[in-house]
Every structure is written in structure tokens, then in C-alpha cells.
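Have a look at the structure below before the remarks.
So you know, we letter chains A, B, ... as the sequences are listed, proteins then strands, and number each from 1.
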Amino acid sequence: MSTPRDFQEYESKWQKAWEEQGLYHASQPGERKTGEKFYGLIEFPFPSGAGLHVGHPRSYVAIDVLTRKKRMEGKNVLYPIGWDAFGLPTENYAIKMHVKPQDATAANISNFRRQMQSMGFGFDWNREVNTTDPAYYKWTQWMFLQFFKSEFDASTGRAVYVKDREAPVKENRSEERGARSEGNSPRPTPHAPRPDRMAYKSTTTINWCPSCKIGLANEESIGGVCERCGTSVEKREKAQWMIRITTYAERLIEDLSKVNYLERIKKQQIDWIGRSEGAMIDFGAWGVGRGAWEDQIIRVFTTRPDTLFGVTYVVLAPEHPFVEEWVKSGAIKNADEVKAYQKETTKKADVDRTAEGKDKTGVKLDGVTAINPANGEEVPVFIADYVLAGYGTGAVMAVPAHDRRDFDFAQFYSLAIKEVIKLPEGVTKKQVTRGTGLGNWVGHPIEFQITDALGKILGFEYQNLGATCHDCPGTLINSGTFNGLQTEDAKKKISSWIEEQKKGGPTVTYKLRDWIFSRQRYWGEPIPIVICPSCGYVPVPEDQLPVLLPDVDSYEPTENGESPLAKIRSWVETTCPHCGGKAERETDTMPNWAGSSWYFMRYCDPHNDAAFASPEALKYWMPVDLYDGGMEHTTLHLLYSRFWHKMMWDLGLIPESVGSEPYKARVSHGLILAAGGEKMSKSKGNVINPDEVVGEYGADVFRCYMMFIGPYDQHAPWDTNGIEGVKRFLDKVWRLFEEERGARSEEREDQTVELETIYNQSMKKITADIDGLAFNTAISQLMILTNAFTDAGGVPENMVEGYIKILAPFAPHLAEELWSSDGHRSGSVHMSGWPQYDASKIVSAVFELVIQVNGKVRDRIQVASDISEADAKAKALASEKVQNYLAGKEPKQVIYVKGKLVSIVI
RNA sequence: GGGCUCGUGGCGGAACAGGUAUACGCAAGGGACUUAAAAUCCCUGGCCGCAAGGCAUGUGGGUUCGAUUCCCACCGGGCCCACCA
């Protein structure tokens with residue numbers, strides 16, 4: 001009888017031993033280890049009250065397996081862990097349960113830590129960080145101040161410090177919008193000089209969640225609802241701290257070429273940034289009370305400058321500043337109607353406003369017209385909510401003949417539809433249902449003509465497309481005057497003509513908005529700024545950091561949208577560091593994306609209190625070699641932290657040699673779903689508690705199952721039976737060593753050769769699979785190897801160590817127990833070196849040659865591995881089955897694939 | 001509407017520089033051991049057929065000696081974005 005495996009006993013024994021030995025502590029540069037570094041990173045969790053979800057450990061185990069292998073290979077491995085602990089859920093919990101967020105966080109962290117430690121991760125617990133620790137957020141605040149003290153230098157495309165860093169910034173009362181990027185302002189000519197600080201305060205329309213009572217970043221308002229609670233988001237005007245991420249839009253796209261991210265992650269980032277090439281075009285505003293129409297211009301953004309001659313009206317977003325101005329000046333005759341429409345728009349949540357298929361609405365501005373700079377045509381001006389204030393210039397030129405939305409609107413209001421391509425008399429046309437856009441028309445007969453004016457600009461008069469209609473033999477006229485390259489050509493020509501005329505010119509816009517950095521909540525890093533009535537925004541002197549969160553009793557958000565901190569007068573009231581007069585502290589706090597934007601740097605040197613990390617430590621450890629995280633963080637955390645790193649690098653706070661990107665590689669894991677394939681959720685009652693699994697099966701079974709459950713990058717449903725199978729596998733490993741090893745004494749020669757082959761194959765495959773994150777097939781190969789040993793009656797002596805070693809990353813406790821149980825091995829298996837394989841033993845002496853006749857497998861014969869092509873073909877043709885098919889005829893063709901098959905064509 | 005992905009046994013999934021489809025595991029059936037059960041071990045297993053053989057990787061075509069893999073069209077899931085001018 002075998003002794004049952006008592007994992008309870010040895011798992012905790014080894015966990016303790018490893019901790020005491022400091023087995024997983026990474027050495028700082030210059031310390032004992034000399035090996036190359038490897039920095040593996042998983043997203044540090046938010047310590048919620050619910051404890052660790054089974055989904056969390058999937059990536060922790062995966063990167064643990066990988067880093068354990070790297071460590072065994074002799075690398076100096078950094079695999080750190082910490083807590084992203086600021087955030088709304090804890091604050092809400094604190095309000096509900098009448099506890100302090102600090103206390104709730106501490107309790108949650110110790111629960112998470114206990115859970116993680118029970119799973120045997122090789123985390124370096126010496127480097128644990130916590131974003132809510134004043135010793136940590138001191139540096140988050142310090143970094144914010146660096147951004148406040150720097151500005152964007154357009155000539156180099158980098159953030160640079162301003163000349164007088166400690167100088168206050170006067171309150172900025174201009175109407176600048178949050179959504180500024182190059183050429184992205186609703187005003188063509190901004191008046192007052194505006195401080196171009198990387199961190200700036202600005203009154204802006206924000207997404208306001210009425211339930212959380214908090215302003216949301218654009219990225220947090222998904223489909224018009226709050227990402228956290230699902231409540232419809234409202235618009236609100238509010239002064240907010242912003243970070244000028246839009247200035248980095250281009251580099252955030254470009255630098256993706258320097259890193260090794262999954263393609264879909266790169267693509268999602270690029271789409272989010274939403275680069276779009278087009279042109280700004282200035283239309284004159286006529287009837288607004290200025291003398292000449294050039295005095296006030298409506299600047300529009302378009303990606304289709306080639307359709308300029310098809311403009312039949314101009315549309316402004318209802319929020320466009322001109323509208324209010326013209327209402328005030330009396331230029332608009334139907335002001336009441338316009339005001340009513342504006343009011344209606346602000347009431348609507350974004351979801352309603354942007355729902356597709358919704359009828360287009362709008363109001364004509366009576367008394368105002370626009371002048372087309374290309375041909376001097378006067379066209380009507382509308383406001384309509386299908387034009388978004390935050391994108392482009394908040395104004396568009398409408399070309400109903402070539403744009404679906406403009407067409408819908410024109411239909412509704414019976415506006416002119418003017419094609420850029422003029423069809424000859426008598427040509428019938430019908431709309432084609434397939435293809436892009438509205439403007440695909442079929443013209444019969446083939447000839448058509450473009451307007452004279454456009455033709456002159458483009459330098460030609462006639463253009464034949466040559467594309468044929470799907471439904472009839474007629475020629476297809478593309479939506480935009482021309483197709484393919486010709487459209488691009490037309491766009492370029494018109495854009496540069498516009499530029500020559502000084503009526504705008506080519507430009508690039510982005511969907512990306514500046515990062516709203518203010519939160520009107522308690523549980524976050526206080527923004528270290530003092531607001532002085534005479535000086536303006538004054539940075540808190542760096543030697544006074546951190547600005548501590550005050551100890552308070554109530555965390556309720558205020559009805560007027562101010563932070564709960566605003567109520568704590570003793571904290572708010574302070575003196576101005578600049579003039580010494582009475583002043584108040586900024587009461588906004590930072591979003592929880594702040595602390596997580598740089599935690600990977602703190603891990604490099606977590607106990608440093610003179611700097612966020614020493615340059616030596618950063619130089620040695622950064623960039624992160626492999627970063628694993630959820631797809632849901634691709635447009636939030638990943639983008640923010642890349643941006644943050646770039647700003648710091650530009651300012652010289654990160655050594656030049658680290659490079660502009662913080663992560664060399666980024667991978668993503670699939671979710672663990674409930675048994676039915678649904679998401680696990682408390683309400684459905686289908687949540688698996690990892691504590692129970694670890695308690696019942698042990699950490700090693702849990703870990704191996706996590707790795708075996710399916711392809712790492714795909715979602716996988718939890719299967720209670722599946723875990724039983726993995727338990728049996730590890731029991732089998734145990735038994736191999738417990739009872740049957742002696743049975744291997746009477747070895748058989750042929751069996752040993754076979755085991756050699758499978759052993760060496762396994763070492764090779766598992767090694768490659770770990771590096772390729774193909775953990776499920778690595779486990780299956782371990783099972784194959786284990787089954788082979790079981791069949792053979794034990795593990796041959798010369799394979800014992802390699803076998804335990806290759807098992808070690810997956811089942812570290814069992815491997816350590818087996819490693820030590822012999823008594824003649826010293827040290828830990830986890831530092832024992834990675835097993836090598838003998839390539840010469842991977843190929844067996846014979847193989848099964850497959851014989852195909854006309855593509856179908858008809859026979860298989862055993863042949864020597866080094867068989868010659870001629871012999872293989874001869875043997876194949878000599879096969880009885882092949883002879884039956886040949887029936888005396890000569891084969892037309894015989895193909896030999898080395899080591900695989902012979903294919904005979906009759 | 002746009003983009004990205006994926007369709008292989010009863011289930012999770014293997015195998016794609018084109019070369020033995022269904023590895024490994026689960027579940028299932030049969031057997032051994034046991035007074036019995038658990039545990040363990042052995043055997044069977046894509047489908048149809050007694051067999052020879054035929055048909056099988058969502059469907060239909062194509063390229064090839066040979067296609068799960070490449071190309072075209074379609075069908076069906078999933079995810080993301082979406083009035084971005």
C-alpha cells in the first residue's frame with residue numbers, strides 16, 4: 001500500500017521554509033547574484049472585501065511558472081506583488097459599514113496575502129507595495145507635481161520642465177475645452193496665453209455619474225454608462241485637473257513598434273487613440289454682425305476634403321461656443337428655438353444621443369449662413385446633436401451626397417443634395433445596396449463628368465473608375481468622386497489648395513481626450529496643490545510631501561459634487577507656500593489609475609525614501625520583460641502607464657537607457673468562467689472560492705489545474721471533474737516515488753531506450769511550451785511522461801532529477817518534497833538548474849512510415865529512421881496493400897516526405 | 001455599420017513553414033482486486049457497416065499527390081468599437 005500524499009503537511013512546511021530562506025528574493029544590482037535579470041509582472045490586484053477570485057490566480061500561476069523556470073536557469077528574477085488599494089469600492093464599503101477605508105483596506109490586504117501565500121507563489125514579499133501607504137503615495141504626489149511643473153514642447157514632442165518650477169499658475173479662466181489636441185480647439189484663435197502645463201486645471205464638460213457622484217474619464221464612461229455602476233452618465237461643467245495625454249497621442253501609437261505586445265492589444269490601443277487624417281477648412285460666417293464675412297470663421301474638420309464642392313450646409317454641435325455668442329449678439333433670429341434645442345441636448349445622456357438609427361434632429365440658425373471657401377457659395381447653418389462637441393472642431397461641413405449621416409439629416413429637412421460628380425443628362429442612377437457609404441451609384445451609360453471647379457483644382461476633367469456594379473453591367477461611381485489612390489490624391493490636392501488659400505489645411509485629429517485626473521472623493525491621493533486667492537495654483541513644496549489624507553469620520557460624497565475633503569475645514573485651510581497668505585488646499589483626489597501608473601518602478605527599489613527608485617535600480621530592472629494583464633485594461637491602465645512612463649522619461653527622471661516604453665512584452669489571459677460557460681457572479685451563485693479548492697486539493701493540484709484548463713489566452717469554464725483528473729496525475733507522480741521505484745531494478749534494455757526518447761522529448765517540449773506560454777500542452781506532456789514511467793514501473797535513476805526539476809515550476813511543493821526526501825540532495829530544487837535534454841536521443845531508431853495511395857492512408861510499415869529515399873519508396877511499393885491498388889500498373893508519381901510518408905499516385 | 005476572433009468526439013481541448021486528425025484530460029461502458037465500497041489497475045470507444053470499405057475538423061467551391069491548416073464565398077458563435085464627420 002502506498003502512503004497517501006499529505007499535501008497539507010508538506011505544502012505549508014515548504015512555504016515556511018522558502019520564506020525563511022528568502023528563496024524568492026531578488027538581488028539588487030551589485031548584490032550577490034550575477035546572472036541576467038528577468039522581470040515578470042502581473043497586474044497588482046485591488047484588494048476587495050470578497051477575497052481573491054479564482055480568475056486572479058490564473059495569471060499569477062502562469063507567470064510564476066515562467067519565472068520559476070527563469071530562476072532555475074540562473075536568472076536573477078524579480079516577481080513582485082502589491083496592492084492597488086485606493087478606489088471607490090472600498091470607500092463605498094466604508095460608508096456603508098461605518099468603518100475607515102484604511103482599516104477595511106488593511107483587512108482585505110491581509111486576506112489576499114494569506115490566500116496568495118497558500119498557493120505557493122514565488123513572489124518577493126520583501127518588495128510588497130501598497131498605493132495607499134503614505135510612503136508610496138508621497139511619490140505619486142511628487143510625480144503629479146513634476147507634471148504640473150512641466151509643459152509640452154511641440155518642437156521636440158516631449159514634456160520639459162518650465163523655467164521657474166516653483167512658480168504658481170494663475171487660474172485659467174479661458175473656455176478651453178478638455179478635448180484639446182493640435183488643431184482640436186473649437187476656437188480657431190485662442191485668445192489669452194494659456195499655461196501649457198502637462199497637468200492643468202480646466203473647466204470642462206465631464207461625464208458625471210449621478211450614482212457614484214464622481215467625474216469619469218472618457219475611458220470610464222463606456223457606451224454612455226458608468227463603467228463601475230452602469231448608471232447613465234450625465235454631462236456636467238466642472239473645473240477638473242487634467243493631464244495632457246493628447247500631446248503624446250502620436251508617440252503612443254508610434255512606439256508600439258518598439259514593443260512585443262499581442263497584435264490585438266496593439267490594435268485596440270491604436271483604435272482608442274483614433275488617429276484620423278483630414279483637413280481643417282474655414283467657412284466664413286455671414287450675418288453674425290461682423291462687417292466682412294472673413295471676420296468670423298467657422299472652422300470645420302473633415303476627412304473628405306475632396307467633397308468640398310458638394311457641401312450644402314454646415315452643422316455646429318449644439319454646445320459650440322459660437323451658438324451662445326450669436327444668440328447673445330442677436331444674430332440668430334430664432335433664438336428661443338435654438339435655446340430650447342440646446343437645453344434638450346444637455347439633458348440627454350450620451351447613450352440616447354449617439355444611439356444609431358436614431359432620427360437626426362437639429363435646428364436651423366436663422367440669420368446666419370456660411371460661405372464655402374472653395375466657390376463662395378452661401379449655405380445654411382444648423383445645430384444638430386449628431387455633431388459632437390468634443391471631436392474635431394465641433395463643426396462639420398455637410399455633404400449629403402457622400403455621407404450617410406448628412407444624407408439622413410438632409411432627407412429629414414429636405415436640404416439640397418449635391419454630388420461632386422455630375423452625371424450626364426439622361427443617366428439613370430440607383431443606389432447600390434452593397435459597398436461602403438451612401439455614395440455608390442450606378443450610372444448608365446459609363447461616362448460621367450466631374451464639376452469644372454473641382455476638375456481644375458485636381459488638374460483633370462474626366463475620370464473613369466472602371467469598377468462594375470454588383471447587380472448590373474453598369475459602371476460604379478465611388479462614394480467619393482474617385483476610388484483607391486485617386487481619392488487619396490484628390491484629398492491631398494484639395495487640402496493643399498485650401499492651405500494655399502489660407503483657409504485651413506491638412507491636419508490630424510485624435511479621438512483620445514485629455515485625461516481627467518480629478519476625483520471628488522476621499523479614498524485617493526490628495527492632489528498636492530494649494531489654491532491661493534492671489535497667487536493661483538501653488539505646488540506644495542516637495543519637502544512637505546506627502547500631503548496626508550486627513551483622518552475623518554464621514555466619507556459621504558457631497559451633493560454639490562465637491563470632495564468629502566472639502567468639509568474638513570481644518571485640513572483645507574492652510575497658508576500659501578508662495579506668499580504666505582491664507583489659502584486652501586485642493587480637495588480633489590487622484591483616480592486610482594495614478595498609483596498603478598508607476599508601481600512597476602517602485603518594485604525596483606521599494607524601500608527608497610529619497611527617490612521613487614534609484615537610477616541604478618531602474619537601469620538594472622527596467623523595462624519589464626513580460627507583463628500579463630486583462631484585456632479590460634488595454635485602453636485604461638496600459639495606455640496611462642505607458643504615457644506616464646514616457647513623461648517621466650522625457651523629464652529625465654528615468655535613465656535614458658531604460659527607453660521610452662515600460663514593458664517589453666504584454667500578454668493577456670482568458671477569464672475563468674463558471675461551469676456553464678457563463679461569467680462567475682455572486683448573484684448567479686456560481687462562484688468558485690479558491691480557498692476551498694486549495695483546502696481540498698492543495699496548492700499544487702490547483703496550480704496544475706489552472707495551467708491545464710485550456711489555452712492560456714482563451715476563456716475557460718471551470719470543471720470540477722477536470723480538477724479530479726489533475727489530482728490523479730499528481731497522486732501518480734507521488735506513487736512513482738513512494739512505492740514502485742524499487743521495481744525498476746530489473747530494467748529492460750528496449751524499455752530504457754524508449755524511456756530515454758520520451759524523456760528527452762518531454763524536456764524539450766515542456767521547456768519550449770513554458771517559454772511560449774502553452775501551459776496546457778506542457779502539463780499534458782508531463783502526464784505522458786508520468787504515464788510512461790508508471791508503465792515502466794518506475795523512474796530510471798538518471799532521469800529522476802530532471803523529472804523532479806521539470807515538475808517544479810508547476811507543482812513546487814511536491815517537487816521540493818520529492819527532491820529532499822532522498823536525503824542525499826542538498827538545497828532547493830527551485831535553485832537546482834534547469835534540466836537539459838540530449839537531442840540525439842529524441843529521435844527513435846525506427847519510425848512508422850505511412851503509405852498513401854491517391855492521398856489516402858493505405859498502409860503503415862516500421863522502417864529504420866535513417867532509411868534512404870530509394871529504399872523507402874521501394875518498400876512502400878512492395879507493400880501488399882499497395883500492390884492490390886496498383887493491380888500491375890505503374891504508379892504515375894511517387895513522393896517521399898522524409899521521416900513521414902510515401903505518397904503514391906496511380 | 002466597422003474591426004477582431006473562433007467553429008475539430010458526449011465535454012475541455014491536441015495537431016497548422018500543408019504530410020498518420022481526434023494527443024492529454026474528463027465523462028461513459030466492460031472487466032480485475034474487495035464481503036462491499038473507495039482507491040488503484042486492465043480493456044473499449046469519431047460515425048455507418050458483420051466485414052471489405054465508406055464518410056468525418058460549420059457549409060459550398062478552389063489550389064495540391066495530399067487541406068483542420070492556404071485561397072474565395074457563405075452560415076453560425078463570441079468579443080471590442082460605434083452618429084469620430
Side-chain angles (χ1 to χ4, degrees), chain A residues 1-2 4 179 222-223 263-264 267-268 270-272 274-276 278-279 300-305 307 315 317 350 353-358 360 384-388 390-399 402-406 408-409 436-437 509-512 631-632 634-635 670-671 675 677 705 708-711 713-726 728-729 731-732 735 774 776-787 790-791 847-860 891-906:
Chain A
M1 288 299 283
S2 64
I222 306 297
E263 275 313 308
R264 61 193 164 120
K267 199 177 172 307
Q268 216 169 304
I270 291 167
D271 284 354
W272 189 264
R275 185 180 198 276
S276 170
V300 304
F301 172 72
T302 181
T303 55
R304 296 292 308 276
T307 61
V315 192
D350 254 7
R353 188 168 159 185
T354 61
E356 209 196 347
K358 179 189 82 79
K360 305 271 181 294
D385 65 7
Y386 81 90
V387 173
L388 307 174
Y391 182 74
T393 60
V396 303
M397 59 180 221
V399 189
H402 301 284
D403 182 275
R404 160 65 62 185
R405 295 151 299 175
D406 296 343
D408 290 346
F409 191 76
T436 53
T509 60
Y510 303 90
K511 288 186 203 171
L512 187 69
M631 281 307 282
E632 72 275 18
T634 301
T635 50
L671 298 175
Y705 178 59
F708 188 59
I709 195 165
D713 58 352
Q714 283 171 36
H715 297 180
W718 183 265
D719 178 7
T720 309
N721 290 323
I723 199 163
E724 286 286 345
V726 172
R728 272 175 230 160
F729 156 60
D731 283 348
K732 222 182 243 187
R735 248 179 280 123
N776 55 331
T777 50
I779 296 281
S780 95
Q781 191 63 38
L782 270 173
M783 288 171 168
I784 290 169
L785 182 62
T786 302
N787 290 343
T790 302
D791 291 346
F847 75 97
E848 201 171 59
L849 181 74
V850 168
I851 305 168
Q852 294 183 343
V853 178
N854 288 341
K856 288 196 164 35
V857 179
R858 294 302 179 187
D859 204 1
R860 294 153 209 239
K892 280 191 197 135
Q893 196 183 356
V894 180
I895 294 160
Y896 174 63
V897 182
K898 195 171 186 305
K900 297 253 157 104
L901 52 76
V902 173
S903 181
I904 300 164
V905 186
I906 299 176

What protein N or O atoms touch nucleotides 17-26 of chain B N or O atoms at under 3.5 angstrom, if any, and at what distances?
from	atom 1	to	atom 2	distance (Å)
B/G19	N2	A/Gln852	OE1	3.2
B/U20	O2	A/Arg860	NH1	2.3
B/G25	OP1	A/Asn787	ND2	3.1
B/C26	OP1	A/Arg728	NH1	2.7

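- Nearest-nucleotide positions on RNA chain B for A/Arg858 and A/Ser276 put A/Arg858 closer to the 5' end.
- Checking A/Ile709 against A/Ala395, the closest nucleotide of RNA chain B that is more toward the 5' end is the one next to A/Ile709.
- Under the Watson-Crick or G-U wobble criterion, with both distances below 3.5 Å, B/G53 is paired with B/C48.
- The side chain of A/Tyr391 contributes an N or O atom lying less than 4.0 Å from OP1 or OP2 of B/A85.
- Note that OG1 of A/Thr790 and CZ of A/Arg735 are 7.5 Å apart. Values are rounded to the nearest 0.5 Å.
- The interatomic distance linking A/Glu263 (CD) with B/C80 (P) rounds to 20 Å, in whole Å.
- Remark: A/Asn854 engages A/Val905, A/Ile906 in a side chain to side chain contact (heavy atoms under 4.5 Å, CB included) (not counting sequence neighbours).
- A/Asp408 places its CG atom 16 Å from the P atom of B/A85, with the value rounded to the nearest Å.
- Classified by interplanar angle (parallel below 30°, tilted 30° to 60°, perpendicular above 60°), the ring pair A/Tyr386/A/Phe409 is tilted.
- Nucleotides B/A21 and B/A28, compared at atom P, are 30 Å apart to the nearest Å.
- Side chain of A/Tyr705 to backbone of A/Thr720: no donor-acceptor contact under 3.5 angstrom is found.
- We find that CH2 of A/Trp272 is positioned 8 Å from C1' of B/C81, with the value rounded to whole Å.
- You won't find any donor-acceptor pair under 3.5 Å spanning the side chain of A/Lys892 and the base of B/C65, going by distance alone.
- With both pairing distances under 3.5 Å, B/G1 is matched to B/C81 as a Watson-Crick or G-U wobble pair.
- In this structure, A/Arg304 CZ and A/Asp406 CG are separated by 11.0 Å, a value rounded to the nearest 0.5 Å.
- Here the P atom of nucleotide B/C81 and the NZ atom of A/Lys511 are 11 Å apart, to the nearest Å.
- When all heavy atoms of A/Ile779 and A/Phe708 are compared, the closest pair comes out as CG2-CD1, 3.5 Å.
- As a whole-Å value, the separation of A/Asp731 CG from B/C41 C1' is 15 Å.
- Note: NE2 (A/His715) to C1' (B/C4) measures 13 Å, nearest angstrom.
- If you check every strand for non-hydrogen atoms under 4.0 Å, A/Arg275 touches nothing.
- Listed here is the closest heavy atom pair of A/Gly392 and A/Phe301: CA-CB, 4.1 Å.
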